[in-house]
Engineer: 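This structure is in structure tokens; I'll ask about it shortly.
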Amino acid sequence: MYRFLLTPRWWGINVFVLLAIPFCIFMGSWQLSRFEARVQDHRAAGEQAAAARTEAARPLARLLPVSTETSGKQATATGRYGKQLLVPGRELDGERGFYVLTLLRVDGGKALPVVRGWLPGNADPAKAPAAPTGEVTVTGALQASESPGSNGVTAAGGLPAGQTGAISSASLVNLVPYEVYDAWITLAKADSGMRAVPATAPQGTGLDLKAFQNLGYTGEWFVFAGFVVFMWFRLLRREAEFARDAELGLVPDHDEEEATVTETTAEAEATIEAEATNEATTEATAQTDAAGAADAPQDAGNIPVR
């Protein structure tokens with residue numbers, strides 16, 4: 001009954017199934033490992049952030065460039081405050097407000113963006129307190145430059161003068177006349193009248209949408225593997241039933257089926273030819289009648305008048 005498994009058609013089906021199932025399982029396992037890695041990174045980032053709060057602050061130069069290992073650690077820098085900007089559309093504890101960002105000119109003239117605090121409401125320069133004058137030493141959590149889509153950062157332009165949508169060197173270099181560090185810090189203790197902005201986990205280490213996409217892809221690949229197995233058994237069962245019915249004479253042989261198809265095709269062609277003949281005959285009759293009607297007045301004119 002199962003001799004059909006040795007036919008070329010079923011050889012192709014079996015080879016496809018044998019290749020598809022391991023591939024789906026491999027892809028599902030890989031996506032699952034990606035999700036587990038993101039969970040581990042998220043856990044490690046949380047532990048690192050908690051440990052960084054109790055660690056002693058280190059000079060900024062020793063923590064650059066910012067990486068997943070140095071992000072969130074306490075950094076210290078000394079300089080003089082320069083230009084002040086506002087970062088609108090930032091939330092803190094579910095309340096919408098804005099950051100007060102001031103550039104700290106350190107030794108060498110390079111500027112370090114410092115988030116001095118957060119204020120509720122719409123961004124208004126009149127609400128932001130002025131930065132301290134003279135030389136200051138600041139301490140805060142080191143952060144990497146922001147990118148659109150992270151922590152409420154928007155890529156929309158058209159902001160009023162004195163505002164920026166993202167805290168990044170790429171954005172700030174167009175707003176200030178001096179070089180900017182590819183990093184920023186948020187003060188551990190905000191200046192008077194403002195609330196401190198907590199440090200965020202490095203980008204790519206949180207349980208964001210991408211992490212749950214990996215989990216969803218894991219389920220999809222395993223479902224595909226099960227679907228391949230289901231379809232193989234379904235085809236096998238249908239083919240076995242067909243072979244059994246053929247042995248019992250319940251289905252016509254291929255020659256009989258072909259003869260039936262040929263006979264049906266011939267009957268259809270004969271029907272079409274008959275219809276075409278009837279249409280031709282009807283058309284010829286109609287033309288003859290029309291010609292007779294056209295000759296009728298001429299014959300009537302030839303009748304002698306007494």
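Predicted, not measured: the structure shown is a model, and the values here were computed from it.
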Engineer: Quick one: do Y181 and V66 end up in the same hydrophobic cluster if we chain Ile, Leu, Val, Met, Phe, Trp and Tyr together by side-chain heavy atoms under 4.5 Å apart?
Structural biologist: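 Linked within one cluster.
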Engineer: If you measure only the distance, is there a donor-acceptor pair under 3.5 Å linking the side chains of T78 and T137?
Structural biologist: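 Judged by distance alone, the side chains do pair up.
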Engineer: Testing the 3.5 Å rule here: is there a donor-acceptor pair between the side chains of E146 and S168?
Structural biologist: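 S168 and E146 do not have a side-chain donor-acceptor pair below 3.5 Å.
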Engineer: Is there any salt bridge (charged side-chain N to carboxylate O under 4.0 Å, His left out) pair reaching into residues 165-190, and which pairs are they, with sequence neighbours excluded?
Structural biologist: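 Matches after skipping sequence neighbours: K110-E179.
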Engineer: Is it true that L104 and L60 fall in one hydrophobic cluster, defined by side-chain heavy atoms closer than 4.5 Å?
Structural biologist: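 Yes; L60 is reachable from L104 via cluster members.
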Engineer: For the pair T76 (side chain) and V138 (backbone), establish whether a donor and an acceptor sit closer than 3.5 Å, ignoring hydrogens and angles.
Structural biologist: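 Yes, the answer is positive, given that a donor and an acceptor are paired below the 3.5 Å cut-off.
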Engineer: Is the charged tip of R105 near the ring of Y81: under 6.0 Å from the six-membered ring centre and within 45° of its axis?
Structural biologist: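 So R105 doesn't make the cation-pi contact.
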Engineer: Answer yes or no: is there a side-chain heavy-atom contact under 4.5 Å between R96 and P120?
Structural biologist: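 No, too far: nothing below the 4.5 Å cut-off.
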Engineer: In terms of hydrophobic clusters joined by side-chain contacts under 4.5 Å, are F230 and V17 together?
Structural biologist: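 No, because F230 and V17 fall into different hydrophobic clusters, even though each may have its own neighbours under 4.5 Å.
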Engineer: Do the side chains of P198 and T186 get nearer than 4.5 Å, heavy atoms only?
Structural biologist: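 Of all side-chain heavy-atom pairs linking P198 with T186, none is under 4.5 Å.
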Engineer: Counting only heavy atoms from other residues, nucleotides and ligands, does the tally under 6.0 Å from OH of Y178 exceed 12?
Structural biologist: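 Atom OH in Y178 is packed in, count exceeds 12.
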Engineer: Grouping I, L, V, M, F, W and Y whenever their side-chain heavy atoms are under 4.5 Å apart, do V197 and V114 come out in a common cluster?
Structural biologist: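 Looking at the clustering, V114 is in a separate group from V197.
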Engineer: Under 30°, 30 to 60°, or over 60°: which ring-plane class applies to Y99 and W184, parallel, tilted or perpendicular?
Structural biologist: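 Ring orientation, 0 to 90° scale: tilted.
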Engineer: Report whether Y217 and F222 are members of the same hydrophobic cluster (ILVMFWY, side-chain heavy atoms less than 4.5 Å apart, transitive linking).
Structural biologist: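 Different clusters: Y217 never reaches F222 through Ile, Leu, Val, Met, Phe, Trp or Tyr contacts under 4.5 Å.
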Engineer: Would you please classify the geometry between the F224 ring and the W221 ring as parallel, tilted or perpendicular, with 30° and 60° separating the classes?
Structural biologist: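 Answer is perpendicular, since the angle exceeds 60°.
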